[in-house]
Amino acid sequence: MNTILAIILVFVGCCSNVVFLELLVREFPGCGNIVTFAQFAFIALEGFIFETNFGRKKPAIPFRNYVVMVTMFFTVSVVNNYALNFSISMPLHMIFRSGSLIANMILGIIILKKRYTRSKYISIVFVSLGICICTIMSAKQVNVGQETTEEQGLYAFLRWLLGIGMLTVALLLSARMGIFQETLYKQYGKHSKEALFYNHCLPLPGFLLLASDIYNHCLLFSQSAAVEVPGIAKDVPLMWIYLLINVITQYVCIRGVFILTTECASLTVTLVVTLRKFVSLIFSILYFHNPFTTWHWVGTAMVFVGTLLYTEVWASVRAVLRTEERKKE
């Protein structure tokens, strides 16, 4: 029952979160910082009340380790959202972030001296080619329709290229954070809820560096079209409603993944998250009419096939089928 609930939370929460993030970004492309801050503040407040019991519960993992982890997590979150300011479409953003397997494998080989099976190397080739195809096709679609000179067109392309560079840095840093978490959990045991709280609470002072940008977007949000909300006497700006729903759905998504990790094997978690990303991508393309060519579909298919190949889903399915056949015999 918990597993089914977790899967529902993941699909409903994460897919809804992507939709409302795109609604915000389409209206205000530079709103990544205020979205990140709102998400961090909400999850930190929830964790402070229910996980640390208003600060009375001591952390199981030493505080100094959380400082290192939080620095990486804060940087990854801010850079990923800020990259949307640089003409990165939401579908490309989702596809690019699906390339975490590549970064994990590269850093795993370099840092942890891991060795992988041939099928995993093949899967990484699939994912890499898929991301390259989507990136190249998106490069041809950089919106320069309003540019009047070749110089301005070049500026738009270089700006987009900077966004790609930011996503690449965030991808590698995220993989490094995953390896750091893995070593911590081996030493101190798994404390996912505790890590979730500290990862969102400790970075909050860092948003002071982004205070002016956040404040400016608060003003912009307040100036957006107002809508009537049942039960409230006055109208509320639409962008604030979108932001509230985005924050809540982000929390639902994270809680769903957390429940899933405690109830299911890592293979099941990876499969559910991968399918969720695919559903979010399809919805983004169809609902928001994002440009998506045949080559984009080819690249997307390669990314998801590579991901499933990496997680050895096919081998697991074959093993289950063989078991069922033996039972029948």
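Worth saying up front: this structure is predicted, and the values here are computed from it rather than measured. Throughout, residue positions are numbered sequentially from 1 according to the sequence presented.
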| message | Could you go through Ile136 and Trp295, starting from their C-alpha distance and side-chain angles, then the distance that decides it, and tell me whether this counts as side-chain contact (heavy atoms from CB on, under 4.5 Å)? | response | CA-CA 10 Å; Ile136 292 169; Trp295 280 109; over 6 Å; no

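- The shortest distance between side-chain heavy atoms of Val252 and Val12 does not fall below 4.5 Å.
- For Gly108 against Tyr116, the heavy-atom pair with the smallest separation is CA-OH, 4.0 Å.
- Side-chain contact between Phe37 and Leu204 is present, with at least one heavy-atom pair separated by less than 4.5 Å.
- How far CG of Leu208 is from CD1 of Ile214: 8.5 Å, rounded to the nearest 0.5 Å.
- Taken from CG in Leu162 to CG in Leu167, the straight-line distance is 10.0 Å, to the nearest 0.5 Å.
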ask   = Given Tyr82 and Asn33, is the side-chain contact (heavy atoms from CB on, under 4.5 Å) satisfied, shown in steps?
value = CA-CA 7 Å; Tyr82 198 66; Asn33 290 331; 3.9 Å; yes

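- In this structure a side-chain-to-backbone donor-acceptor pair under 3.5 Å is missing from Arg176 to Ala103.
- Ring to ring, Phe74 and Phe207 are close: their centroids are under 6.0 angstrom apart.
- A donor-acceptor pair under 3.5 Å is formed between the side chain of Glu194 and the backbone N or O of Ala60.
- The shortest distance between side-chain heavy atoms of Phe126 and Val303 does not fall below 4.5 Å.
- Heavy-atom minimum distance, Gly256 versus Leu9: CA-CB, 3.8 Å.
- Atoms CG and CZ, from Leu161 and Phe86 in turn, are 11.5 Å apart once rounded to the nearest 0.5 Å.
- More than 12 heavy atoms of other residues, nucleotides or ligands lie within 6.0 Å of CZ in Phe288, so this atom counts as buried by the packing criterion.
- For Thr300 (side chain) and His296 (main-chain N/O), a donor-acceptor pair under 3.5 Å exists by modelled atom type.
- Side-chain atoms of Met166 and Asn85, non-hydrogen and from C-beta on, never get closer than 4.5 Å to each other.
- Donor-acceptor pairing under 3.5 Å is lacking for the side chains of Ser224 and Glu27.
- Contact detail for Met69 and Met177: the closest heavy-atom pair is O-SD, 3.9 Å.
- Residue Val19 is grouped with residue Met90 when hydrophobic side chains (ILVMFWY) are merged at heavy-atom distances under 4.5 angstrom, including chains of intermediate members.
- One hydrophobic cluster, built from ILVMFWY side chains closer than 4.5 Å, holds both Phe28 and Leu210.
- No close placement of the Phe73 and Tyr198 rings is indicated, their centers lying 6.0 Å or farther apart.
- Outside the 6.0 Å centre-distance limit, the rings of His200 and Phe42 are not counted as a close aromatic pair.
- Between the SG atom of Cys31 and the CG atom of Asp213 there is a distance of 9.5 Å, given to the nearest 0.5 Å.
- Within 6.0 Å of atom CH2 in Trp297, more than 12 heavy atoms from other residues, nucleotides or ligands are found, so the atom counts as buried in its surroundings.
- Residues Pro62 and Tyr188 are in side-chain contact: their nearest non-hydrogen atoms beyond the backbone lie under 4.5 Å apart.
- Panel note: side chain His217, backbone Gly30; a donor-acceptor pair is recorded below 3.5 Å.
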For this session: Take His93 and Val25, measure what side-chain contact (heavy atoms from CB on, under 4.5 Å) needs, and give me the verdict at the end.
Result: CA-CA 12 Å; His93 194 269; Val25 170; over 6 Å; no

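- Under the 4.5 Å side-chain heavy-atom criterion for Ile, Leu, Val, Met, Phe, Trp and Tyr, Val67 and Phe48 are members of the same hydrophobic cluster.
- Using a distance-only test at 3.5 Å, with no hydrogens or angles considered, a donor-acceptor pair links the side chain of Ser280 to the main chain of Arg276.
- More than 12 heavy atoms of other residues, nucleotides or ligands shown are found within 6.0 angstrom of OH on Tyr66.
- Pairing each heavy atom of Pro203 with each of Val70, the nearest pair is CG-CG1, 3.2 Å.
- Looking at Ser123, its side chain does come within 3.5 Å of a backbone N or O of Lys120 through a donor-acceptor pair.
- Taken from CG in Asn80 to CZ in Phe96, the straight-line distance is 10.0 Å, to the nearest 0.5 Å.
- Residues Met302 and Leu129 come closest through the heavy atom pair CE-CB, 3.5 Å.
- With Arg255 contributing its side chain and Gly13 its backbone, the two residues share no donor-acceptor pair below 3.5 Å.
- If you chain together hydrophobic residues whose side chains sit under 4.5 Å apart, Leu172 and Leu92 never meet in one group.
- In this structure, CG in Leu21 is found 13.0 Å from CD1 in Ile245, a value given to the nearest 0.5 Å.
- Nearest heavy-atom pair across Ile88 and Ala83 is CG1-O, 3.3 Å.
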**Request:** Would you please test Trp160 and Phe157 for side-chain contact (heavy atoms from CB on, under 4.5 Å) and show each step?
**Result:** CA-CA 5 Å; Trp160 174 86; Phe157 176 73; 3.9 Å; yes

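- Under the 4.5 Å side-chain heavy-atom criterion for Ile, Leu, Val, Met, Phe, Trp and Tyr, Leu238 and Tyr287 are members of the same hydrophobic cluster.
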